[in-house]
Amino acid sequence: MEGRVVVSGAKNAALPALTAALLTEERVVLHNIPRVRDISTMRSLLEDLGVDSSVTHEAHGNRIEIEARQLLNPVAPYELVKQMRASVLVLGPLVARFGQARVSLPGGCAIGVRPVNLHLKGLEKLGASISFDHGYVDARANGLRGTKFYFDTISVTGTENLMMAATLADGVTVLENAAREPEVQDLAHLLTKMGAEIEGAGTPEVRIRGVSRLHGAEHSIIPDRIEAGTFLVAAAITGGDLVVERCNPEHLTAVLAKLEEVGVQVVRDGANASNPARTLNVKAGRNLRAHDVTTLEYPGFPTDMQAQYMTLMTQAEGSSVITETIFENRFMHALELVRMGADITVNGRRAVVRGATGLSGAKIQASDLRASASLVLAGLAAEGQTLIDRVYHIDRGYERIEEKLTQVGAKIIRISESD
Ligand code: EPZ
């Protein structure tokens with residue numbers, strides 16, 4: 001694979017940014033929004049709630065304008081929540097601004113049980129009353145009050161939900177053991193532009209001083225570090241020379257360090273304080289070396305890159321142990337890789353990959369978003385043709401992946417079920 005590929009805006013930053021618009025009646029304008037299915041699902045949910053929104057194509061991604069002047073009904077229905085767990089991010093803003101929210105409880109998902117108990121516990125600490133009926137959570141509050149909340153487990157959307165709720169609470173809220181992901185920091189950046197008072201985003205302790213109201217703002221979403229990481233692995237697994245544009249290398253430190261260990265050459269281009277859109281050039285030989293990895297919360301190695309890394313390790317010399325500490329069931333892709341000829345054994349949250357083994361094209365199926373990306377990468381490295389079923393998973397979080405990869409030399413086409 002050779003050439004230049006452009007990274008889209010981050011899905012996991014765009015989703016909370018869209019729900020943050022619920023916190024004000026004024027217009028919020030967001031740029032660099034990726035054209036992926038989860039964004040359309042979130043827009044449908046917001047429109048269901050009574051929010052006006054419009055989309056405009058821009059050179060990079062979409063521009064979305066949102067105005068939550070009024071609320072028709074504070075309900076996030078099962079039909080939408082089951083498509084996308086991140087729908088739970090409307091809970092905090094709705095309770096904070098409108099004093100009520102009824103949200104379908106997200107069920108389990110392919111990668112784990114994924115409860116939202118910490119979101120609810122935190123809202124209760126902020127003064128909301130929480131009740132459950134018919135698969136829905138009902139949250140009500142007559143104004144939220146600042147509090148101190150410790151996350152037993154670090155949660156990205158949990159931190160985002162409570163941070164948004166606390167912006168309109170009476171007094172100061174301190175979130176401890178909070179998530180430090182760049183997407184959390186980007187949300188805090190947007191909320192601050194809307195008039196919120198937030199300190200410490202990106203550190204384990206976030207302090208929010210509540211204000212009486214928030215106003216409109218304009219904001220450009222950060223680049224998608226997981227999409228960028230996926231392209232870096234695509235170059236590494238094909239022995240390519242790729243320039244990955246409009247990414248932020250600082251958000252990829254753990255991934256870049258691991259790729260360099262494995263034997264990939266990484267050059268950081270155009271990095272300076274004033275220019276956030278930067279470029280990475282990766283060059284990979286054929287002698288990849290196996291290295292263990294353990295997924296961790298940011299700034300550790302991201303769980304959303306684990307599947308892609310596993311595929312890479314099937315092409316590296318030696319054995320590697322992959323330990324998944326965030327989700328209890330995130331090795332579904334391993335079985336499909338074994339069907340392609342990989343040598344992988346899974347034992348609970350640990351997988352051992354022995355390489356390098358030749359992969360041969362096969363009919364395989366994706367189980368979730370990142371697993372589908374790892375199978376596309378396997379197809380690029382395999383001999384012969386690979387047919388991936390259920391690629392709708394990939395469209396949830398990757399913008400036109402087959403077009404972007406074709407531009408840099410991949411032989412990949414989308415065929416519909418009927419073909
Ligand atoms: C976010 O999910 C991302 N999604 C996920 O990306 C990502 O894998 C995950 O963070 C971890 O980095 C979005 O931002 C929309 P968590 P989130 O709450 O917030 C447990 C992708 O591929 N937990 O940080 O749902 C939970 O079960 C997706 O783009 C509780 O126990 O993840 C998990 O084991 C997949 N109770 C751990 O914490 C709670 O109330 C971390 O989950 C909340 C979480």
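The figures that follow rest on heavy atoms only: side chains count, while hydrogens, waters and symmetry mates do not. Ligands are counted one by one from 1 in listed order, and the atoms in each one are counted from 1 as well.
- Checked against the 6.0 Å centroid threshold, Tyr136 and Tyr78 do not count as a close aromatic pair.
- With hydrogens and angles left out, the side-chain atoms of Arg370 and Tyr398 include a donor and acceptor closer than 3.5 Å.
- Within a 6.0 Å radius of CG in Asp152, other residues, nucleotides and ligands contribute more than 12 heavy atoms.
- Figure legend: Arg180 and Tyr298 shown without cation-pi pairing, the cationic atom not lying both under 6.0 angstrom from the six-membered ring centre and within 45 degrees of its axis.
- Enumerated by chain and number, the residues approaching ligand 1 to less than 4.0 Å through a heavy atom are Lys11, Asn12, Ala86, Arg114, Pro115, Val116, Asn117, Leu118, His119, Thr153, Ile154, Ser155, Val156, Thr157, Thr303, Asp304, Ile326, Phe327, Arg330, Leu369, Arg370.
- Remark: Glu47 CD is packed, more than 12 non-hydrogen atoms of other residues, nucleotides or ligands lying under 6.0 Å away.
- Other residues, nucleotides and ligands contribute at most 12 non-hydrogen atoms within 6.0 Å of the CZ atom of Arg350.
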